[in-house]
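Chain identifiers are assigned alphabetically (A, B, ...) following the order of the sequence lines, protein sequences preceding nucleic acid strands; residue numbering begins at 1 within each chain.
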There are 2 protein chains.
Amino acid sequence: MTSTPTSQFDAIATLEDAGLRITGQRRQVVAAIERKGGGFTAEDIAAELEGVGRATVYRTLKLLVEADLICKLALPDGTPMYSASRVEHHHHSVCTSCGAIEEFRDTTVERVLRSLTREIEGEIVGHRMEVFIRCRKCLDSPSG
Amino acid sequence: MTSTPTSQFDAIATLEDAGLRITGQRRQVVAAIERKGGGFTAEDIAAELEGVGRATVYRTLKLLVEADLICKLALPDGTPMYSASRVEHHHHSVCTSCGAIEEFRDTTVERVLRSLTREIEGEIVGHRMEVFIRCRKCLDSPSG
DNA sequence: CTTTTAAATGATACTAACTATCATTAAACT
DNA sequence: AGTTTAATGATAGTTAGTATCATTTAAAAG
């Protein structure tokens, strides 16, 4: 038995707990996200689910981001990508060659933020950190 | 005599050194950026410089980003912002209330990246970090 | 200085990633 | 089953850019 990284039922249950209606479309979006390995775009999902309107896809992704069930991040040029969340308080590595997105968890990032509390005027309410990489697969490929 | 944080002549000289032509439009975009305090959008610049075409504004901003003379960053919702660079290897704090953007320099961030070298599969080629805050001015204002 | 030439510009149209509107549909509570 | 109100989808609009290409102009050459 393998682990269930992001269970559809978790996501659906979380939406339900938030007082939202569980519609067929929302189930389909959640299921489509689970089928994706790394990152994906909103248009990926919209193209895959022809029976679900584009507006609904965007609305559902926004709900999932707000519920911390998925993350919205950006490539170096600003192109938005989404990624299913597996662990809390993580950050992302993004391969600039193949677009693969991985989560990583590093407590030192949290330590940096605490040290910034002394350095930054004002109250820290959030942060974003992305590390851009050339992943092992791309480095090992013939085009190296 | 006050310091010249980002001198127009620096930016123009850098573009010139890169073998680019120094046009009136590029001078105007650089001058407009210098007049801005914190962050700004491409449309801010385009609206301010009616004599310069929108496409040229976007093209020039891209050149300046590539030359590390300005940074492109994003608000929590992904809205892109630009900010003139004053120091190297810095990161940004963005006030989620008033949009003020400040640079900060923290060597611990660089230390985190070095520690990630051991944790992340692949080669780190870049990173982005933004800290979202409520700035002192907004915290101190009546609406607190 | 004038000529040359290739880079830069601006107008226009286009794309990507959303967001607003609003009539219609359907969860889910009773 | 009936009611209510959230959710949907079609459409149009917005924001942030990019592509095309005829025209202009910086700057190198003569």
Side-chain angles (χ1 to χ4, degrees), chain A residues 9 11-33 36 39-67 70-83 99, chain B residues 9 11-33 36 39-67 70-83 94 99 101:
Chain A
F9 309 105
I12 292 297
T14 304
L15 295 180
E16 203 161 18
D17 290 352
L20 298 165
R21 291 186 181 172
I22 305 312
T23 65
Q25 290 88 336
R26 286 178 178 169
R27 281 184 202 280
Q28 285 182 73
V29 171
V30 168
I33 290 170
K36 305 273 169 201
F40 55 90
T41 67
E43 295 297 326
D44 284 343
I45 304 292
E48 191 177 321
L49 303 177
E50 285 195 29
V52 183
R54 259 165 41 88
T56 297
V57 169
Y58 279 98
R59 281 188 286 238
T60 304
L61 289 179
K62 191 174 234 180
L63 287 176
L64 295 172
V65 168
E66 282 161 7
I70 64 174
C71 292
K72 185 177 180 178
L73 48 116
L75 301 186
D77 69 351
T79 304
M81 296 288 292
Y82 295 86
S83 168
Chain B
F9 310 105
I12 293 298
T14 303
L15 294 181
E16 203 162 19
D17 290 351
L20 297 165
R21 290 187 181 172
I22 305 311
T23 64
Q25 291 90 334
R26 286 177 179 171
R27 280 186 202 282
Q28 286 182 73
V29 171
V30 168
I33 289 170
K36 304 275 169 200
F40 56 89
T41 66
E43 295 298 326
D44 285 343
I45 304 292
E48 192 176 320
L49 303 177
E50 286 197 28
V52 182
R54 256 168 40 87
T56 297
V57 170
Y58 278 98
R59 281 188 284 239
T60 304
L61 290 179
K62 191 174 233 181
L63 288 176
L64 294 172
V65 169
E66 281 161 8
I70 64 174
C71 292
K72 185 176 180 180
L73 49 116
L75 301 186
D77 69 350
T79 304
M81 297 287 293
Y82 295 85
S83 169
V94 183
I101 295 175

**Prompt:** Toward the 5' end of DNA chain C, which comes first, B/Gly19 or B/Asp77, by nearest nucleotide?
**Reply:**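 The 5'-side residue here is B/Gly19.
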**Request:** Using heavy atoms to find the nearest nucleotide of DNA chain D for B/Thr79 and B/Glu16 separately, return the residue whose nucleotide is more 5′.
**Result:**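 That would be B/Thr79.
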**Asked** Want to settle it: does A/Gly24 or B/Pro80 sit nearer the 5' end of DNA chain D, counting the closest nucleotide to each?
**Response**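 Residue closer to the 5' terminus by nearest nucleotide: A/Gly24.
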**side-chain contact (heavy atoms from CB on, under 4.5 Å) between A/Phe40 and A/Leu61, worked out** = CA-CA 11 Å; A/Phe40 55 90; A/Leu61 289 179; 4.1 Å; yes
**Request:** Show the numbers, then the answer: is there a side-chain contact (heavy atoms from CB on, under 4.5 Å) between B/Tyr82 and B/Leu64?
**Result:** CA-CA 10 Å; B/Tyr82 295 85; B/Leu64 294 172; over 6 Å; no
**Request:** Before accepting this row, confirm whether a basic side-chain N of the pair A/Glu16/A/Arg26 lies closer than 4.0 Å to the acidic partner's carboxylate O.
**Result:**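 A/Arg26 and A/Glu16: not salt-bridged.
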**Message:** Taking the basic N atoms (NZ, or NE/NH1/NH2) and the acidic carboxylate oxygens, is any pair closer than 4.0 Å for A/Glu66 and A/Lys72?
**Reply:**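 Judged by the 4.0 Å cut-off on N to carboxylate O distance, A/Glu66 and A/Lys72 do not form a salt bridge.
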If you only use heavy atoms from C-beta on, which nucleotide in [options] is closest to the side chain of [X]?
| X | options | answer |
| --- | --- | --- |
| A/Thr23 | C/dA17, C/dT9, D/dT8 | D/dT8 |
| A/Leu20 | D/dA7, D/dA26, D/dG17 | D/dA7 |
| B/Ala55 | D/dA7, C/dT9, C/dG10 | C/dG10 |
| B/Arg59 | D/dT8, C/dA8, C/dG10 | C/dG10 |
| A/Gln25 | D/dG9, C/dT9, C/dA17 | D/dG9 |
| B/Tyr58 | C/dT9, D/dT8, D/dA16 | D/dA16 |
| A/Ile22 | C/dA28, D/dG9, C/dG10 | C/dA28 |
| B/Val52 | D/dG9, C/dG10, D/dT18 | C/dG10 |

**Asked** Has B/Lys72 got a side-chain N or O lying under 4.0 Å from the OP1 or OP2 atom of D/dG17?
**Response**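 Result: yes.
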**Message:** Can you tell me if B/Lys62 touches the phosphate of D/dG17, counting only side-chain N or O atoms and a distance under 4.0 Å to OP1 or OP2?
**Reply:**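 Answer is no, no contact under 4.0 Å.
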**Asked** Could one point to a donor on the side chain of A/Arg21 or the base of D/dT5 with an acceptor on the other under 3.5 Å away?
**Response**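 Under the 3.5 Å cut-off, the side chain and the base do form a donor-acceptor pair.
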**Prompt:** Is a donor-acceptor contact shorter than 3.5 angstrom present between the side chain of B/Arg54 and the base of D/dG17?
**Reply:**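 For B/Arg54, whose side chain was compared with the base of D/dG17, there is a donor-acceptor pair (under 3.5 Å).
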What is the distance, to the nearest angstrom, from the [atom1] atom on [X] to the [atom2] atom on [N]?
| X | N | atom1 | atom2 | value |
| --- | --- | --- | --- | --- |
| A/Arg26 | C/dA27 | CZ | C1' | 10 Å |
| B/Leu49 | C/dA8 | CG | P | 18 Å |
| B/Ile12 | C/dA8 | CD1 | C1' | 14 Å |
| A/Leu15 | D/dA7 | CG | C1' | 13 Å |
| B/Arg27 | C/dA8 | CZ | C1' | 14 Å |
| B/Gln28 | D/dA26 | CD | P | 12 Å |
| B/Glu50 | C/dA11 | CD | C1' | 16 Å |
| A/Met81 | C/dA17 | CE | C1' | 13 Å |

**Asked** Is B/Thr60 reaching over with its side chain to a backbone N or O of B/Thr56, donor-acceptor style, under 3.5 angstrom?
**Response**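 Checking the backbone N and O of B/Thr56 against the side chain of B/Thr60, a donor-acceptor pair under 3.5 Å is found.
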**Message:** For the residue pair B/Thr41 / B/Asp44, report whether a side-chain donor-acceptor contact shorter than 3.5 Å exists.
**Reply:**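 Indeed, the side chains of B/Asp44 and B/Thr41 share at least one donor-acceptor pair under 3.5 Å.
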